[in-house]
Number of protein chains: 4
Amino acid sequence: MARSTLDAIYYGAIEAFSEKGYNDTSMDYVAEKAGVAKGTLYYNFKGKDELFLYVMKRGAHSLTDVITNVFDQPADPVTKWRNYISTQLAFFEQNRSFFRLIMQNMWGPNLLESVTLHELFHDYFVRMDQELQKAQELGLLSESMDISTLSASIFGMLTIPAIRSIVHDLPIDEEKRVNSITHTVLQSFKGGETI
Amino acid sequence: MARSTLDAIYYGAIEAFSEKGYNDTSMDYVAEKAGVAKGTLYYNFKGKDELFLYVMKRGAHSLTDVITNVFDQPADPVTKWRNYISTQLAFFEQNRSFFRLIMQNMWGPNLLESVTLHELFHDYFVRMDQELQKAQELGLLSESMDISTLSASIFGMLTIPAIRSIVHDLPIDEEKRVNSITHTVLQSFKGGETI
Amino acid sequence: MARSTLDAIYYGAIEAFSEKGYNDTSMDYVAEKAGVAKGTLYYNFKGKDELFLYVMKRGAHSLTDVITNVFDQPADPVTKWRNYISTQLAFFEQNRSFFRLIMQNMWGPNLLESVTLHELFHDYFVRMDQELQKAQELGLLSESMDISTLSASIFGMLTIPAIRSIVHDLPIDEEKRVNSITHTVLQSFKGGETI
Amino acid sequence: MARSTLDAIYYGAIEAFSEKGYNDTSMDYVAEKAGVAKGTLYYNFKGKDELFLYVMKRGAHSLTDVITNVFDQPADPVTKWRNYISTQLAFFEQNRSFFRLIMQNMWGPNLLESVTLHELFHDYFVRMDQELQKAQELGLLSESMDISTLSASIFGMLTIPAIRSIVHDLPIDEEKRVNSITHTVLQSFKGGETI
DNA sequence: TATGAATGAGCTTTCATTCAT
DNA sequence: CATGAATGAAAGCTCATTCAT
């Protein structure tokens, strides 16, 4: 069945790429992890690039779903942001391989000429910008803040501690870490005056 | 002269690696960028790994110098942190290639079995942890904050906007961006109460 | 219908093979040109070799028909040879793809162990040898001429200018070219005395 | 030494390509025949195409030398043409592998976009055209003959019997064959009147 | 009869590394 | 100290062939 072959490749590829990184993952290894023949990879994808891009796109979509689902809920802003943080961190914990994969490749050189990897996360940042815009309109955020810079900063507040946890082989969602991250992110909204 | 050959290799290697990434940079290309013969690279280094490690170590040292110099100055905490942010961002701006190189490789799989790349930045985080410790002792920071998590978050607040600027080919130190980052980092110190 | 599938394969294969050569023509490409699925090729033929051989045999037969039809007509020798030349050249012009295919593969290494490609044209040369034999008996041709060498030479006089025309994308049957070839071939019969 | 490595590759490649044809000759096989490592082929040539082109160019040059040397000698036209035929046939006999290689590839699809193989033999045909021009001016050749067609025909008179000899594993220069070819070629000059 | 997803052997090519100079 | 010609292991990719439908 077309779907199950593609699924096998998807999950095998995530495992393979996150373990060894893009370059050190051979197509043979992906095929082995996916339980298909190497030729099957090339029957379904033009090449290694396209396979990797497929994995990243499918993953980026699921990541964007997280933020969309949270912010689409009716709730007061602070609750929304709390939910965002905990949901996002839980997603990272539950998809450690894929999250590591993203962090390894997000800022690298373009894989394909036409598609820079971080463009895949464009929607993610757009959604966050929308929420920050609202917060600014509600007076929760100083007018002087540059929103696209802030969304990047918030992304950093979450992801850098998370990736460090993974590198040190610790759970992301230890209580003290989640609390600290939550506190840090929410602080960035308090008041507008620079100290 | 030994030194100038090594320097030529150092700067050529940074340029080469940051442009193409570790794996897609051939020793031929490093040699070309450095203006030396390929054999010279192997005369000075055991192999590609060791060359790369040299570049990262030398760079990590200069990065750690930034934080050390700032925090060793006698000044009040807030001023120190302000200085840290602006100095660090200026360093990223002045060493865009090297900074990109770090961000691309910091969280990847180990290059050498014995040396994880992020270990190179161990001293950097130790120094930041020391300063956060002090801040906590001075009551600038809630007792409940997990310091190693916070130092990672602060690093994220700075670096993610910075790397996004580079990816989008914008200057890191546009006023609005630097102001926003400064504001965001300093906010994480204000008060201890979670919203 | 069996016949139309086979015909579709035949004409698609000629087009494909003459365009790209035997090796660079994939079964996928033949299938595409023929408008059938790849599996259909394997349903009708054992493999690529057998398919190619079928094309060449069917083509060789049609080529041999040309020479047979001409020389079976009752006419004086000179008229026969005139007819042969013009008919043969016209056939090449009307079957440019197939003719190119022959010229590309006639002298190559064996495709199958048991069948050398030029053996397919055995009958063609046999028929020409018969006519040269007759010419020799009629005194039109010196006794000292080696007939199998001459038949090859005559084939060369026709085909090399023809294939050059195709390579240069010119019509084979431009008047001056056909006249020159006709003249050259007929000259080889004139007199027996070596200059 | 650069020269001897290149020579080893040249002769190994001719042997390999003429035995198996371009496509069925692997770079491994060329390396084996040449007595060098496969990497050495790629150190000296960009790829298989370029290596093949080098072989053909070097060979085409030596072939053109044959015709040039003969026609540059001071002699009467008939002697020149006699010499051309015997010298050319002797060259084919002494370079059977290379000659077969030419005949297999001369009329095929382009190897490289920019260079059609038969263009390599441009000079060869130019030189022959010059001599035919002279013959025409001397009245040895009818004014109505198309020279570029005739040169192709003459090339065919020589090469088709020669390649057939090779395919049938016979010597090219058996007396009866050489005599027949000589006779046939010289006939094409006699008189101008079409029979 | 006809199909096309799946296969894997075998190819071209890259490139870190060595070593004679 | 420095060089660059030579190497060969390992990678990405192609495509003739098979077979369940």
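All chains are named by letter (A, B, ...) in the order of the sequence lines, taking the proteins before the strands, and each is independently numbered beginning at 1. Please read these numbers as outputs of a predicted model, since none were measured by experiment. Hydrogens, waters and symmetry mates play no part in the numbers below; they use all other heavy atoms, side chains included.
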Novice: Counting Watson-Crick and G-U wobble pairs only, both distances under 3.5 Å, name the nucleotide matched with E/dA2, or none.
Specialist: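 Partner of E/dA2: F/dT21.
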
Novice: What does B/Thr40 touch in the nucleic acid at a heavy-atom separation under 4.0 angstrom: a base, only the sugar-phosphate, or nothing?
Specialist: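 The answer is base, as B/Thr40 lies within the cut-off (heavy atoms under 4.0 Å) of a base atom.
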
Novice: Check the distance between F/dG12's C1' and A/Asp49's CG and give it to me in whole angstrom.
Specialist: 10 Å

Novice: OP1 or OP2 of F/dC1 versus the side-chain N and O atoms of B/Thr5: is any pair under 4.0 Å?
Specialist: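 For F/dC1, OP1/OP2 do not have a side-chain N/O of B/Thr5 under 4.0 Å.
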
Novice: Identify, between D/Ala37 and A/Asp24, the residue whose nearest nucleotide on DNA chain F lies closer to the 5' end.
Specialist: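 Here D/Ala37 is the residue nearer the 5' end.
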
Novice: Do D/Leu6 and D/Tyr54 make a side-chain contact, defined as non-hydrogen atoms from C-beta onward lying under 4.5 Å apart?
Specialist: yes

Novice: Tell me: CG of A/Asn44 to P of F/dT14, nearest whole Å?
Specialist: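 One finds 14 Å between P of F/dT14 and CG of A/Asn44, rounded.
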
Novice: Nearest to the side chain of B/Tyr42, which nucleotide is it out of E/dA6, F/dA2, E/dT17?
Specialist: E/dT17

Novice: Which residue lies toward the 5' end of DNA chain E, C/Val36 or D/Ser26, if each is placed at its nearest nucleotide?
Specialist: C/Val36

Novice: Please state how far atom CZ in B/Phe52 lies from atom C1' in E/dA16, giving the value in whole angstrom units.
Specialist: 16 Å

Novice: Both C/Gly47 and A/Gly47 contact DNA chain F. Which one's nearest nucleotide lies toward the 5' end?
Specialist: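 First, find each residue's nearest nucleotide; the 5'-ward one identifies A/Gly47.
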
Novice: Rounded to whole angstroms, how far apart are OH on D/Tyr29 and P on E/dG10?
Specialist: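 The distance from OH of D/Tyr29 to P of E/dG10 comes to 16 Å, rounded to the nearest Å.
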
Novice: Would you say the side-chain atoms of D/Asp49 and D/Tyr22 include a donor-acceptor pair closer than 3.5 Å?
Specialist: yes

Novice: Do you know which of C/Lys20, C/Lys33, C/Lys38 makes salt bridge (charged side-chain N to carboxylate O under 4.0 Å, His left out) with C/Asp28?
Specialist: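 Looking at C/Lys20, C/Lys33, C/Lys38, the match for C/Asp28 under the salt bridge (charged side-chain N to carboxylate O under 4.0 Å, His left out) is C/Lys38.
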
Novice: Measure the distance from CG on C/Leu41 to P on E/dT1 and round it to the nearest whole Å.
Specialist: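 Answer to the nearest Å: 16 Å.
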
Novice: Do C/Lys38 and E/dT3 have a side chain to base donor-acceptor pair shorter than 3.5 Å?
Specialist: no

Novice: Send over the distance from D/Asp28 CG to E/dT13 C1', rounded to a whole Å.
Specialist: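 Checked: the CG to C1' distance equals 11 Å.
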
Novice: In whole angstroms, how far is the C1' atom of E/dT13 from the CE atom of A/Met27?
Specialist: 16 Å

Novice: Separation of B/Phe45 atom CZ from F/dT3 atom C1', in whole Å?
Specialist: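 Interatomic distance, CZ of B/Phe45 to C1' of F/dT3: 17 Å.
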
Novice: Before accepting this row, confirm whether a basic side-chain N of the pair A/Arg58/A/Asp7 lies closer than 4.0 Å to the acidic partner's carboxylate O.
Specialist: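 Looking at A/Arg58 and A/Asp7, the cut-off is met.
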
